[in-house]
Amino acid sequence: MELPSRYNPQEVEDNWYKFWEEAGFFRIEPDLKKKPFCIVIPPPNVTGILHMGHALNNTIQDILIRYKRMRGFNSLWIPGTDHAGIATQNVVEKSLAQEGAKRQDLGRDKFIERVWQWKEKYGSTIIQQLKKLGSSCDWQRTRFTMDAGLSEAVLEAFIRLYNKGLIYRGNYIINWCPRCQTALSDEEAPHQEVEGSLYYIKYPLSTRHPLDSARGEQAPGTRQFDYIVVATTRPETMLGDTAVAVNPKDKRYKKLIGKTVVLPMVNREIKIIADTMVDIEFGTGAVKVTPAHDPNDYVLGKKHNLEFINVMHPDGRMNENAGKFNGSDRFKCREEVLEELKRLDLLEKAHPHTHAVGHCYRCHTAIEPYLSRQWFVKMQPLAKPAIKAVKEGKIQFFPARWTKIYLNWMENIQDWCISRQIWWGHRLPVYYCQVCSKQANELTVNSEQFTVNCKLSTVNKKGVIVSREKPIRCPACGSTDIYQDGDVLDTWFSSWLWPFSTMGWPNTGNKQQATGNRQQATGNEPRILKPVACGLEPSDLSYFYPTSVLVTAQEIIFFWVARMIMAGLEFMRDIPFRDVYIHGTVRDLTGKKMSKSLGNIIDPLEIINEFGADALRFSIVSITAVGQDIFLSEEKFHLGRNFCNKLWNASRFILMNLEPGEVRVELCQFFEKEKLDIINRWILSRFYSVLRELNQALDSYRFNEAASLLYQFFWHEFCDWYLEIIKPKVNEQHNQIVMYKVLEKFLRLLHPFMPFVTEEIWQKLPHEGESIMIQTWPHIQNNMVDKKLENQIESIFNLIAQIRNMRSELELKPRQRVKVSVYSHEETKKRLLREKSDLVMNLAGLEVLELLTVSKRPNATISAVVEDMDVYLHFSDLVDIAREQLKIREKIAASARLKEEAERRLNSRDFIKRAPRDIVDKEKERKERLGREVKRLERMLNELQ
RNA sequence: GGGCGCUUAGCUCAGUUGGUUUAGAGUGCUUCCUUGACAUGGAAGAGGUCACAGGUUCAAGUCCUGUAGCGCCCACCA
């Protein structure tokens with residue numbers, strides 16, 4: 001068979017993907033004869049393009065899905081995308097802007113239409129890219145958070161929560177993004193350190209003080225309370241101040257409590273109030289109170305019944321309440337206010353001050369705490385069961401440390417602001433009756449009284465109607481003057497339903513729902529599910545929910561993971577997944593998060609084009625230690641590319657040397673272990689030893705370890721040793737069978753990691769079945785594992801390495817054959833050496849391998865010690881005696897030191913008494929062995945003189 | 001202000017429940033090798049006080065405490 005000496009992924013990957021897809025290998029339906037394994041994809045944004053974070057995330061999921069599939073599970077991976085409200089709206093607005101238009105020019109309906117058009121055109125980009133990566137999702141189940149079904153789920157969830165009293169509307173200070181012009185949740189406004197200034201501003205007192213308010217006339221300090229100084233980082237908000245607050249215990253200001261000051265520039269008279277919330281230590285101990293622009297001040301405002309004055313437009317410009325600053329942008333206004341204060345001599349001082357300011361997670365604009373009417377979800381009742389589920393271990397985090405972080409967040413959870421003032425998203429199922437709104441207060445309507453058009457609806461006393469569909473008339477007053485709330489829901493309000501909305505919730509489709517004893521999808525041997533009720537087809541939900549594992553990044557634990565747990569428990573009465581595997585963040589070499597805006601991305605598609613998807617997958621998984629961030633550079637992908645190539649060439653060697661008759665598949669099923677020679681037994685033993693470790697690694701999400709096991713075994717044991725050893729006798733039947741068998745099985749193990757190249761090679765090998773991806777995972781054959789044999793072979797390898805080392809030191813040419821004499825102090829080793837002398841000769845480049853019957857140094861040799869073997873290399877030209885002696889002396893010293901250490905330990909009573917028996921025994925053996933070694937080396941040294 | 005992670009070879013990083021000949025890998029470096037699997041390769045080699053200081057233990061890279069440096073997350077001190 002002719003194969004190129006270099007593996008070319010571009011030629012094969014797309015073809016195999018198409019083959020798998022067309023063959024329907026990704027299609028999964030509930031099947032009671034099989035145990036389910038299910039993952040729902042963290043839906044990428046429709047606007048998304050594949051970045052390394054996705055590559056890592058989806059490679060891990062695909063490894064799990066393919067692994068479990070081969071282990072006999074009904075292994076389903078549900079894909080989909082997220083409508084990503086703000087992000088998508090931004091993208092479409094940008095393209096509008098290029099046409100010189102704004103969304104307002106189009107109007108809401110036209111704009112939404114435009115977004116859908118955009119989605120149809122570009123929304124599947126990321127899906128195509130996931131396919132390039134090799135993801136074995138069931139694409140026919142692809143969902144989108146704005147699909148009809150998922151929108152239905154959103155409605156259902158909203159209405160249920162509303163009827164339970166867990167959704168409410170209210171006026172609060174929320175995070176407002178002046179650029180996106182929408183409210184944001186706390187999670188969407190992460191704090192960032194900002195270098196700002198703390199300004200100390202004088203607020204003149206308006207009391208009838210004997211020395212009246214001639215500002216600035218007096219030298220400072222002569223009149224203590226001519227004015228009160230407040231400290232602020234946002235001077236522009238002073239225009240909305242409605243009080244100054246001090247701590248009641250603060251002696252400095254005691255006398256001033258209840259007095260008033262004149263707010264500069266605005267000339268509003270505001271009270272000085274007392275509240276323990278004020279920190280005496282900070283600033284001057286007096287704080288300006290702006291109830292409409294600061295969360296703390298809001299609390300004070302409520303408590304002390306202050307006025308709430310909003311001084312800003314939603315776009316961040318000052319409004320008419322700001323007087324002469326009306327129209328200025330908030331930051332420009334800050335400068336202007338400061339100028340004015342300076343002019344009035346009311347700015348006492350300013351000093352640099354770094355503080356944390358929330359920033360919009362979409363556009364990075366500094367958020368403004370802003371008073372507005374929004375919708376919220378009451379979170380504490382939802383958090384309670386979610387805390388319990390994790391505490392009881394029903395959901396497990398990997399690595400476990402995220403448990404604490406999750407619990408800490410859950411226990412301090414704040415209500416969730418879910419309304420967004422954008423257009424793209426799920427419209428709130430909230431309607432207002434104009435008439436009732438006006439009359440307000442008195443109306444109370446019970447949900448049972450609603451008209452047919454208002455199933456599951458409620459109306460509250462403010463004329464608010466929550467309904468699936470627009471009510472024809474108000475259930476309270478009968479008015480038809482009804483309009484829908486303009487807001488849409490937070491994108492995450494649909495995402496948190498994802499694990500069950502993708503499976504058809506709240507409808508279960510046409511299928512009957514089978515309930516009852518569903519078995520846990522943990523452990524590895526798939527057990528057959530008992531059909532619960534005869535003749536009932538299980539629904540997706542009853543069969544696949546809860547899902548098995550969620551694979552995601554730490555950034556969205558709060559956004560998404562925590563909320564899914566709450567939603568699952570609330571709506572499904574069950575956890576959404578059993579395990580949560582949190583992988584690291586992909587960063588560049590300087591530790592910065594890879595992002596397009598920073599320009600430090602490595603494009604996975606370029607890597608795929610250059611090295612292949614397999615190389616990308618294998619590399620990225622190899623360098624991902626559990627829970628650690630990964631620092632990426634392009635060179636790191638050489639690891640996978642080289643491994644791919646190695647696999648390719650080793651397979652090429654085997655394919656070129658396979659005698660078709662010898663490796664008929666059935667022949668390989670029945671070979672007898674006893675008929676195999678020692679090297680074949682060794683490689684099989686190693687294979688199954690590695691398999692055992694591999695299973696353990698995969699079952700505990702240690703993917704890097706799994707990759708490393710495969711790499712080390714294949715490259716450094718199978719290729720470097722095994723293939724080199726059998727090469728001269730590659731035609732012999734036992735070699736044929738074993739090299740074929742190990743390769744074929746190894747390909748299966750590697751398949752979840754490198755699906756394409758393994759399929760390509762597997763198809764070229766003699767095989768049964770359509771595709772490697774639906775083959776079974778090899779079983780561990782314990783009777784094949786022989787640890788003793790593995791050790792013995794390893795010491796033969798050590799001997800060969802030692803001889804090579806000696807040759808190298810003597811600078812012998814590779815072709816130069818030499819004579820080596822070996823004496824083994826161990827009987828089985830002697831036999832082994834005799835049996836495998838050709839092997840040693842071959843691999844160490846020997847002309848003669850003499851097996852000594854007594855341990856005595858032959859003349860004109862240099863010597864070495866390998867375990868229990870004395871090794872002598874005949875080198876008649878010139879033996880540098882002095883150098884030989886030095887080397888042996890060094891070795892003696894090293895061994896003697898180790899021996900002493902062992903002795904010291906064995907002499908310690910505590911060690912003998914407390915250490916376990918086997919450790920003590922091992923130590924004794926070790927001491928004795930080292931003792932023998934020292935003696936042998938000393939003898940060698942003597943013989944040299 | 002709290003919480004978490006990291007510090008091991010020149011570089012990038014593994015090291016699961018503490019157990020020992022010689023602390024591993026990839027990459028880089030040095031020397032040698034292109035006689036048909038692979039130079040994206042093979043052979044040999046150099047290179048480590050496991051951040052520092054204490055402690056627990058018969059035994060510590062591994063557990064505990066503290067210190068330093070780096071990084072991340074959370075938090076309404078204006």
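All values reported here derive from a predicted model rather than from experimental measurement. These values consider heavy atoms only, across backbone and side chains, with no hydrogens, waters or symmetry-generated copies.
- Judged by closest nucleotide on RNA chain B, A:S622 is the one of A:S622 and A:Y711 placed further toward the 5' end.
- Within 4.0 Å of A:L930, counting heavy atoms only, lie sugar-phosphate atoms of the nucleic acid but no base atom.
- One interatomic measurement links the two molecules: CE of A:M277 to P of B:C77, which rounds to 11 Å at whole-angstrom precision.
- Judged purely by distance below 3.5 Å, without hydrogens or angles, the side chains of A:K249 and A:T276 never pair a donor atom with an acceptor atom.
- B:G19 sits 42 Å from B:A37 when the C1' atoms are compared, rounded to a whole Å.
- Atom NZ of A:K302 has 12 or fewer neighbouring heavy atoms from other residues, nucleotides or ligands inside a 6.0 Å radius.
- With hydrogens and angles left out, the side-chain atoms of A:N798 and A:E867 include a donor and acceptor closer than 3.5 Å.
- Atom P of nucleotide B:U31 and atom CG of A:L810 are separated by 19 Å, given to the nearest angstrom.
- Contact annotation for A:N704: backbone-only contact, meaning every heavy-atom pair under 4.0 Å involves sugar-phosphate atoms and none involves a base.
- With rounding to whole Å, A:E693 atom CD is found 14 Å from B:A14 atom C1'.
- Distance alone, capped at 3.5 Å, places no donor-acceptor pair between the A:R932 side chain and the A:H825 backbone.
- Distance noted for atom P between B:G48 and B:A25: 16 Å (whole Å).
- Spacing of P atoms, B:C72 relative to B:G26, comes out at 31 Å, to the nearest Å.
- A:R807 comes within 4.0 angstrom of no nucleic acid atom, judged by non-hydrogen atoms across all strands.
- Of all nucleotides listed (B:C4, B:C32, B:C74), B:C74 comes nearest to the side chain of A:F558.
- Taking the P atom of each, B:U67 and B:G1 are spaced 13 Å apart, rounded to whole Å.
- Each of B:C76, B:C33, B:U20 was ranked by its minimum atom distance to the side chain of A:K922; first place goes to B:U20.
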Summary of protein contacts for nucleotides 39-50 of chain B, nucleotide by nucleotide, where a base hit scores B, a sugar-phosphate-only hit scores S (4.0 Å, heavy atoms): -BSSSSS-----
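- Comparing B:G47 with B:A23, their P atoms are spaced 12 Å from each other, to the whole Å.
- Taking atom NE2 of A:H191 as the reference point, atom C1' of B:C77 lies 12 Å away to the nearest angstrom.
- Defined by atom type and a distance below 3.5 Å, a donor-acceptor pair is missing between the side-chain atoms of A:H638 and A:N642.
- Using atom C1' as the reference point in both B:A60 and B:A53, the two lie 15 Å apart (nearest Å).
- No engagement by A:I623 is indicated, since no non-hydrogen atom pair under 4.0 Å with the nucleic acid exists.
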Enumerate donor-acceptor pairs with a distance under 3.5 Å from any side-chain N or O in residues 193-203 of chain A to protein atoms, sequence neighbours excluded.
{"unit_1": "A:Y200", "atom_1": "OH", "unit_2": "A:H351", "atom_2": "NE2", "d": "3.1"}
{"unit_1": "A:K202", "atom_1": "NZ", "unit_2": "A:D345", "atom_2": "O", "d": "3.1"}
{"unit_1": "A:Y203", "atom_1": "OH", "unit_2": "A:D241", "atom_2": "OD2", "d": "2.6"}

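- Under the 3.5 Å distance criterion, with hydrogens and angles disregarded, a donor-acceptor pair is assigned to the side chains of A:N175 and A:D186.
- Residue contacts for A:C644: at a heavy-atom cut-off of 4.0 Å it reaches no nucleic acid atom on any strand shown.
- Contact annotation for A:R929: base contact, defined as any heavy-atom pair under 4.0 Å involving a base atom.
- Place A:S651 and A:W409 on RNA chain B by their nearest nucleotides, and A:S651 ends up nearer the 5' end.
- A salt bridge does not link A:K887 with A:E890: every distance from a Lys NZ or Arg NE/NH1/NH2 to an Asp or Glu carboxylate oxygen is 4.0 Å or more.
- The shortest distance between the side-chain N/O atoms of A:H293 and the OP1/OP2 oxygens of B:A78 is not below 4.0 Å.
- Distance A:F637 CZ to B:G26 P: 18 Å, rounded to the nearest Å.
- Listed candidates were B:C76, B:A75, B:C32. Nearest to the side chain of A:P814 is B:C32.
- Comparing the same atom, C1', in B:C38 and in B:C33 gives a spacing of 15 Å after rounding to whole Å.
- Across all strands shown, the partner of B:U67 is B:A51, judged by Watson-Crick or G-U wobble contacts whose two distances both fall under 3.5 Å.
- Here the nucleotide nearest the side chain of A:R401, chosen from B:G26, B:U16, B:C4, is B:C4.
- The side chain of A:F631 sits closest to B:C13 out of B:C13, B:G26, B:A75.
- Distances shorter than 4.0 Å separate some side-chain N or O of A:K404 from OP1 or OP2 on B:C4.
- Not a single donor-acceptor contact under 3.5 angstrom links the side-chain atoms of A:R815 to the base of B:U35.
- Atom pair A:W402:CH2 and B:G5:P shows a separation of 10 Å (rounding to whole Å applied).
- A:E790 has a carboxylate O that lies under 4.0 Å from a charged side-chain N of A:K787, or vice versa, which qualifies the two as a salt bridge.
- In this structure, B:G1 forms a base pair with B:C74, meeting either the Watson-Crick or the G-U wobble geometry with both donor-acceptor distances under 3.5 Å.
- Rounded to whole Å, the separation between the C1' atoms of B:G15 and B:U7 comes to 15 Å.
- Distances shown here put every side-chain N or O of A:K636 at or beyond 4.0 Å from the OP1 or OP2 atom of B:G26.
- The side chain to side chain contact (heavy atoms under 4.5 Å, CB included) check on A:V934 picks up A:I892, A:S895, A:A896, A:E938, with sequence neighbours excluded.
- Closest approach to the A:A356 side chain among B:A75, B:U20, B:A78 is made by B:A75 (side chain taken as heavy atoms from C-beta onward).
- Atom CG in A:L639 sits roughly 14 Å away from atom P in B:A14 (whole-Å rounding).
- Across all strands shown, B:U30 pairs with B:A44; the Watson-Crick or G-U wobble distances both stay below 3.5 Å.
- Using a 4.0 Å heavy-atom distance criterion, A:P916 is classed as a base contact.
- Look at CZ on A:F714: it is 19 Å from P on B:A25, rounded to the nearest Å.
- Side-chain polar atoms of A:S622 and A:K636 form no donor-acceptor pair below 3.5 angstrom.
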